[in-house]
Visitor: 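Here you go, one structure.
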Amino acid sequence: DAKTTQPNSMESNEEEPVHLPCNHSTISGTDYIHWYRQLPSQGPEYVIHGLTSNVNNRMASLAIAEDRKSSTLILHRATLRDAAVYYCILRDGTSGSRLTFGEGTQLTVNP
Amino acid sequence: GAVVSQHPSRVICKSGTSVKIECRSLDFQATTMFWYRQFPKKSLMLMATSNEGSKATYEQGVEKDKFLINHASLTLSTLTVTSAHPEDSSFYICSAGLAGSRDGGELFFGEGSRLTVL
């Protein structure tokens with residue numbers, strides 16, 4: 001499985017943007033970049049995913065570097081409910097392929 | 001969005017007993033489901049891939065006779081922890097994706113099942 005590297009923790013203030021980085025220098029051409037987040041004692045929640053182009057949805061934006069060796073998850077206005085562990089994961093674009101979690105980034109949002 | 005439900009959410013059992021955890025896809029069919037376990041303050045560890053109508057594929061180091069997985073239908077996978085011991089106490093989480101999805105699409109996760117073995 002291709003590996004990702006994320007900072008262990010980050011802090012943000014409420015209502016400010018948050019940029020969560022992820023390095024994936026060994027990404028292959030068929031790997032999609034996925035982001036999930038997990039609140040304490042809950043299952044992970046899908047945030048966003050993409051292949052080459054930047055992606056936007058109601059939760060976040062995903063900015064993918066041109067060489068695809070890194071990406072950034074952008075929360076445009078952090079809220080206290082965004083405090084969670086954020087996982088950046090590479091998933092092969094084959095039907096049924098598995099998702100292997102790294103350590104993730106613990107995001108703290110200060111009021 | 002698609003929903004995956006786990007049952008029970010919490011279970012406490014005595015050492016030596018077996019415990020079954022169910023994972024259901026409520027509004028979609030899932031030919032493949034995944035089972036994870038998570039220890040406190042740690043990341044999710046993939047245990048096995050559950051395939052409908054065939055044997056599960058276990059990750060290296062996971063005992064298949066200890067963690068029995070059955071995927072009898074397109075909406076139900078079960079994980080049975082056999083002869084549970086205190087070291088099996090953990091948070092067990094299942095996930096599933098839409099059958100036939102070919103773009104590495106999102107996975108939907110259950111709420112998790114917390115097992116405590118006394």
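FYI, side chains are in, hydrogens and waters are out, and symmetry mates aren't considered; it's all heavy atoms of this structure. Being a predicted model, the structure only gives us computed values, none of them experimental. In what follows, every chain begins at residue 1, and chains take the letters A, B, ... in the order their sequences are listed.
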Visitor: Count the heavy atoms of every other residue, nucleotide or ligand shown that sit under 6.0 Å from NE2 of B:His85, and state whether that count exceeds 12.
Guide: yes
Visitor: About how many Å separate OG of A:Ser41 and CZ of B:Arg10, when rounded to the nearest 0.5 Å?
Guide: 6.5 Å
Visitor: At a 4.5 Å cut-off on heavy atoms, which part of B:Gln6 comes close to chain A: side chain, backbone, both, or neither?
Guide: neither
Visitor: Using only non-hydrogen atoms and a strict under-4.5 angstrom cutoff, which residues of residues 111-118 of chain B touch chain A?
Guide: B:Glu111, B:Arg114
Visitor: Let me check something: do A:Ile74 and A:Val18 share a hydrophobic cluster, defined by ILVMFWY side-chain heavy atoms less than 4.5 Å apart, either directly or through other members?
Guide: no
Visitor: Establish whether B:Leu46 and B:Ile21 are linked, either directly or via other cluster members, by ILVMFWY side-chain heavy-atom contacts under 4.5 Å.
Guide: no
Visitor: Which atom names give the shortest non-hydrogen contact between A:Leu99 and B:Tyr36, and what distance separates them?
Guide: O-OH, 2.5 Å
Visitor: Would you find more than 12 non-hydrogen atoms of other residues, nucleotides or ligands less than 6.0 Å from A:Asn8 atom CG?
Guide: no
Visitor: Taking a hydrophobic cluster as the set of Ile, Leu, Val, Met, Phe, Trp and Tyr residues connected by side-chain heavy atoms closer than 4.5 Å, whether directly or through intermediates, do B:Leu76 and B:Leu26 fall within one such cluster?
Guide: no
Visitor: If I measure from the heavy atoms of chain B, does A:Gln38 come under 4.5 Å with its side chain, its backbone, both, or neither?
Guide: side chain
Visitor: Between B:Phe109 and A:Tyr36 (judged by ring centroids, cut-off 6.0 Å), do the two rings come close enough to count as a pair?
Guide: yes
Visitor: Is B:Leu44 close to chain A through its backbone or its side chain, or both, or neither, when contacts mean heavy atoms under 4.5 Å?
Guide: both
Visitor: Under a 4.5 Å heavy-atom cut-off, does chain B meet the side chain of A:Thr30, its backbone, both or neither?
Guide: neither
Visitor: What residues, two or more places apart in sequence or in another chain, satisfy salt bridge (Lys or Arg N to Asp or Glu O under 4.0 Å) together with B:Glu22?
Guide: B:Arg24
Visitor: Under a 4.5 Å side-chain heavy-atom rule over Ile, Leu, Val, Met, Phe, Trp and Tyr, are B:Val11 and B:Met47 clustered together?
Guide: yes
Visitor: Counting only heavy atoms not in B:Glu87, do more than 12 sit closer than 6.0 Å to its CD atom?
Guide: yes
Visitor: Can you tell if the side chain of A:Arg91 reaches within under 4.5 Å of the side chain of B:Leu107, non-hydrogen atoms only?
Guide: yes
Visitor: What disulfide bond (SG atoms under 2.5 Å apart) pairs are there with at least one residue in residues 3-45 of chain A, not counting sequence neighbours?
Guide: A:Cys22-A:Cys88
Visitor: Return the option, out of B:Met45, B:Met33, B:Gln38, with the maximum number of heavy-atom pairs under 4.5 Å with chain A.
Guide: B:Gln38
Visitor: Salt-bridged, A:Glu103 to B:Lys42, with N to O below 4.0 Å?
Guide: no
Visitor: Assess whether atom NZ of B:Lys66 is packed by more than 12 heavy atoms of other residues, nucleotides or ligands within 6.0 Å.
Guide: yes
Visitor: Among residues two or more places apart or on two chains, list those pairs meeting ring pair (Phe, Tyr, Trp, His ring centres under 6.0 Å) that have a residue in residues 73-94 of chain A.
Guide: A:Tyr87-A:Phe101
